[in-house]
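Read through the structure below, which is laid out as structure tokens, and then see the notes.
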Amino acid sequence: MDQDAPLSVSFIDSISKIQAADWDACACPEAQDGRPNDPFTTWRFLNALEQSASVGGGTGWEPHYAVVSRGDEIIACAPLYGKSHSQGEYIFDYNWAHAYENAGGRYYPKLQIAVPFTPATGRRFLTKPGYETLGISGLIQAAVQLASENQISSLHATFCTEAEALAGEAMGLMRRVTQQYHWLNDGYNDFDDFLAALSSRKRKTIRKERQKAQGFGGEIHVLTGDQIRPEHWDAFWVFYQDTGARKWGTPYLTRAFFDIAHDTMRNDMALVLAQRDGRYVAGALNFIGRETLYGRYWGCVEHHPCLHFEACYYQAIDLAISLGLQRVEAGAQGDHKLARGYLPTETNSLHWIADPGFAKAIARYLAEEKRAIGEEIEILTEYGPFKKETREEQQ
């Protein structure tokens with residue numbers, strides 16, 4: 001490759017217009033010797049969203065993938081979307097939109113660098129090894145220029161890594177700090193080893209919850225890879241629709257997504273299903289990363305006490321320990337996760353606002369929010385279920 005070749009940036013409206021190998025060389029170069037750090041920015045995951053019509057026309061997520069090249073070599077890319085709403089993002093800016101529009105502005109459309117419907121931390125500015133600084137700089141400058149030239153109100157990069165957030169902040173973007181609940185593996189040998197790190201009262205509570213959940217009158221299955229069959233997705237689709245209808249009004253993912261993901265990603269997934277009297281009654285879906293288990297979706301057609309905690313949180317901890325993973329990310333929100341061993345953890349995003357006055361107001365808000373989040377994390381950690389000496393070690 002010509003090191004003196006100029007950089008060029010293009011925006012493409014379909015992931016199919018870039019070779020999977022070229023995209024993944026930037027998104028997950030570590031996967032050459034195993035799993036990707038996370039599966040969500042891989043070509044196959046983004047392609048499943050697109051081919052299943054979960055994103056694209058009519059969804060409010062219009063692909064404009066950013067691609068940076070030097071000569072003939074692609075050195076960086078980013079999952080960039082035009083958004084006509086703020087749904088499916090989990091870094092909430094509804095109040096910003098209302099304030100901007102009440103002042104006579106037009107907040108939508110906006111640009112979003114994100115994995116749709118996926119509040120999981122990971123790289124958003126995808127670069128080939130050795131091109132991190134150049135690639136991130138090129139992607140940010142190109143995205144800001146695209147927004148500016150098209151009179152778009154704002155650009156957002158959500159659930160990026162802390163390193164990316166700091167790099168973007170140094171380039172003039174605003175960093176937002178929010179929080180989720182993550183479970184951390186402190187070298188546990190099994191679930192009982194994890195329980196031993198908890199206070200006596202919390203340990204007893206979790207044991208009672210697991211006993212109650214596992215006594216629901218059926219069996220709980222954890223399925224991965226070829227163990228997952230089409231009938232399992234039929235059952236899970238019912239669960240997913242129920243949860244989506246209650247939480248979002250309309251489920252974000254289409255039925256076809258699960259079929260495509262099954263064909264291309266079943267080794268990256270772990271499906272927890274509760275079965276009673278030959279019928280699947282509840283389930284939770286996890287994605288498996290290189291070091292992290294990502295809890296994504298839960299649903300049920302029968303209510304059984306504590307079954308939600310068992311399927312989503314305790315089975316995830318069991319699986320993470322058995323796979324030697326370092327953490328479980330259990331998705332957005334949910335203060336109830338704290339009592340079950342999931343601790344508050346900072347998450348990061350980046351924001352660029354075109355209007356200077358509005359940008360100043362947002363910057364003041366973010367500074368105050370960051371201070372409040374820091375205090376909240378400190379207080380919540382103290383209220384966590386771990387023994388005092390364990391909390392001190394984790395801090």
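The basis for the numbers below is simple: all heavy atoms, side chains too, and nothing from hydrogens, waters or symmetry mates. Quick caveat, the model's predicted, so the values are computed rather than measured. Just so you know, residue 1 is the first one in the sequence shown, and it goes up from there.
Ile379 is connected to Tyr342 through a chain of hydrophobic side-chain contacts under 4.5 Å among Ile, Leu, Val, Met, Phe, Trp and Tyr, so both are in one cluster. Two different hydrophobic clusters hold Ile140 and Leu166 under the rule that ILVMFWY side chains link at heavy-atom gaps under 4.5 Å. Taking hydrophobic clusters as Ile, Leu, Val, Met, Phe, Trp and Tyr residues chained together by side-chain heavy-atom distances below 4.5 Å, Tyr90 does not share a cluster with Ile373.
Aromatic pair Tyr252/Phe117: ring centres closer than 6.0 Å. Checked against a 6.0 Å centroid threshold, the rings of Tyr240 and Phe258 count as neighbours.
Ion pairing between Glu162 and Arg175 holds under the 4.0 Å rule for side-chain N and carboxylate O. Taking the charged nitrogens against the carboxylate oxygens, Lys110 and Asp93 do have a contact shorter than 4.0 Å, which makes a salt bridge. In this structure, Arg106 does not pair ionically with Glu101, as no charged nitrogen and carboxylate oxygen lie closer than 4.0 Å. Salt bridge annotation for Arg279-Glu302: present, with a cationic side-chain nitrogen under 4.0 angstrom from a carboxylate oxygen. Ion pairing between Arg255 and Asp234 holds under the 4.0 Å rule for side-chain N and carboxylate O. Checked for salt-bridge contact, Glu375 and Arg371 meet the test: a charged N lies under 4.0 Å from a carboxylate O. By the 4.0 Å N-to-carboxylate-O rule, Asp192 lies too far from Arg203 to be salt-bridged with it.
Under the 4.5 Å side-chain criterion, counting only non-hydrogen atoms from C-beta, Thr41 is not in contact with Cys28. The shortest side-chain heavy-atom distance between Leu338 and Tyr181 falls under the 4.5 Å cut-off. At least one side-chain heavy atom of Gln112 sits less than 4.5 Å from a side-chain heavy atom of Thr158. Trp183 places a side-chain heavy atom less than 4.5 Å from the side chain of Ile321. Between Tyr108 and Tyr100, the closest side-chain pair of non-hydrogen atoms is not below 4.5 Å. For the pair His182/Val328, no side-chain contact is recorded, criterion being any heavy-atom separation below 4.5 Å from C-beta on. Contact of the Phe194 side chain with the Ile317 side chain is registered, since non-hydrogen atoms from C-beta on lie closer than 4.5 Å. The side-chain heavy atoms of Leu273 and Val222, taken from C-beta on, include no pair separated by under 4.5 Å.
Looking at Tyr131, its side chain never comes within 3.5 Å of a backbone N or O of Ile136 through a donor-acceptor pair. Proximity of a side-chain donor or acceptor of Tyr65 to a complementary backbone N or O of Cys77 within less than 3.5 Å is not detected. Panel note: side chain Lys337, backbone Ala330; a donor-acceptor pair is recorded below 3.5 Å. When atom types are taken as modelled, the side chain of Glu50 and the backbone of Ile15 share a donor-acceptor pair closer than 3.5 angstrom. A donor-acceptor contact shorter than 3.5 Å links the side chain of Ser153 to the backbone of Tyr107. No side-chain donor-acceptor contact under 3.5 Å links Glu73 to the backbone of Arg70. A donor-acceptor pair is defined here as one N or O able to donate and one able to accept, closer than 3.5 Å; such a pair exists between the side chain of Asp24 and the backbone of Trp43. Of the possible donor and acceptor atoms, none in the side chain of Ser137 sits under 3.5 Å from a partner among the backbone N and O of Thr133.
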**OP:** Output, in order, the C-alpha distance, side-chain angles, deciding distance and verdict of ring pair (Phe, Tyr, Trp, His ring centres under 6.0 Å) for His351 and Trp96.
**Re:** CA-CA 12 Å; His351 307 272; Trp96 302 3; 5.1 Å; yes
**OP:** Would you check, one step at a time, whether the test salt bridge (charged side-chain N to carboxylate O under 4.0 Å, His left out) holds for Arg296 with Glu329?
**Re:** CA-CA 9 Å; Arg296 291 305 303 115; Glu329 291 193 20; over 6 Å; no
Subject >> Criterion salt bridge (charged side-chain N to carboxylate O under 4.0 Å, His left out) on Asp22 and Lys128, from CA distance to verdict >> reply: CA-CA 10 Å; Asp22 289 333; Lys128 270 189 172 179; 5.9 Å; no
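Atom SG of residue Cys300 and atom CG of residue Asp242 lie 6.5 Å apart, to the nearest 0.5 angstrom. Atom CG of Leu343 is separated from atom CD1 of Ile377 by 10.5 Å, given to the nearest 0.5 angstrom. Going from atom CG of Leu49 over to atom OG of Ser54 covers 5.5 Å, rounded to the nearest 0.5 Å.
Pairing each heavy atom of Gly138 with each of Val68, the nearest pair is C-CG2, 4.2 Å.
Figure legend: Arg210 and Phe191 shown as a cation-pi pair, the cationic atom lying under 6.0 angstrom from the six-membered ring centre and within 45 degrees of its axis.
Residues His308 and Glu310 bring no donor and acceptor atom of their side chains to less than 3.5 Å of each other. Side-chain polar atoms of Gln179 and Thr345 form no donor-acceptor pair below 3.5 angstrom. In this structure, a donor-acceptor pair under 3.5 Å is absent between the side chains of Glu89 and Tyr81. A donor-acceptor contact under 3.5 angstrom links the side chains of Tyr313 and His336, judged on distance only. His64 and Glu62 share no donor-acceptor pair across their side chains, judged by distance under 3.5 Å alone. For the 3.5 Å distance criterion, the side chains of Tyr314 and Glu209 qualify, holding a donor opposite an acceptor. Donor-acceptor pairing under 3.5 Å is lacking for the side chains of Tyr365 and Asn95. At a cut-off of 3.5 Å, with distance as the only test, no side-chain donor of Thr292 or Gln326 sits close to an acceptor on the other residue. In this model, a donor atom of one side chain and an acceptor atom of the other lie less than 3.5 Å apart for His232 and Tyr280. Side-chain contact, Thr121 with Thr347: no donor N or O sits under 3.5 Å from an acceptor N or O.
For the ring-ring contact (aromatic ring centres under 6.0 Å, His included) test with Phe45, the passing option among Trp23, Tyr294, Phe257 is Phe257; the others fail.
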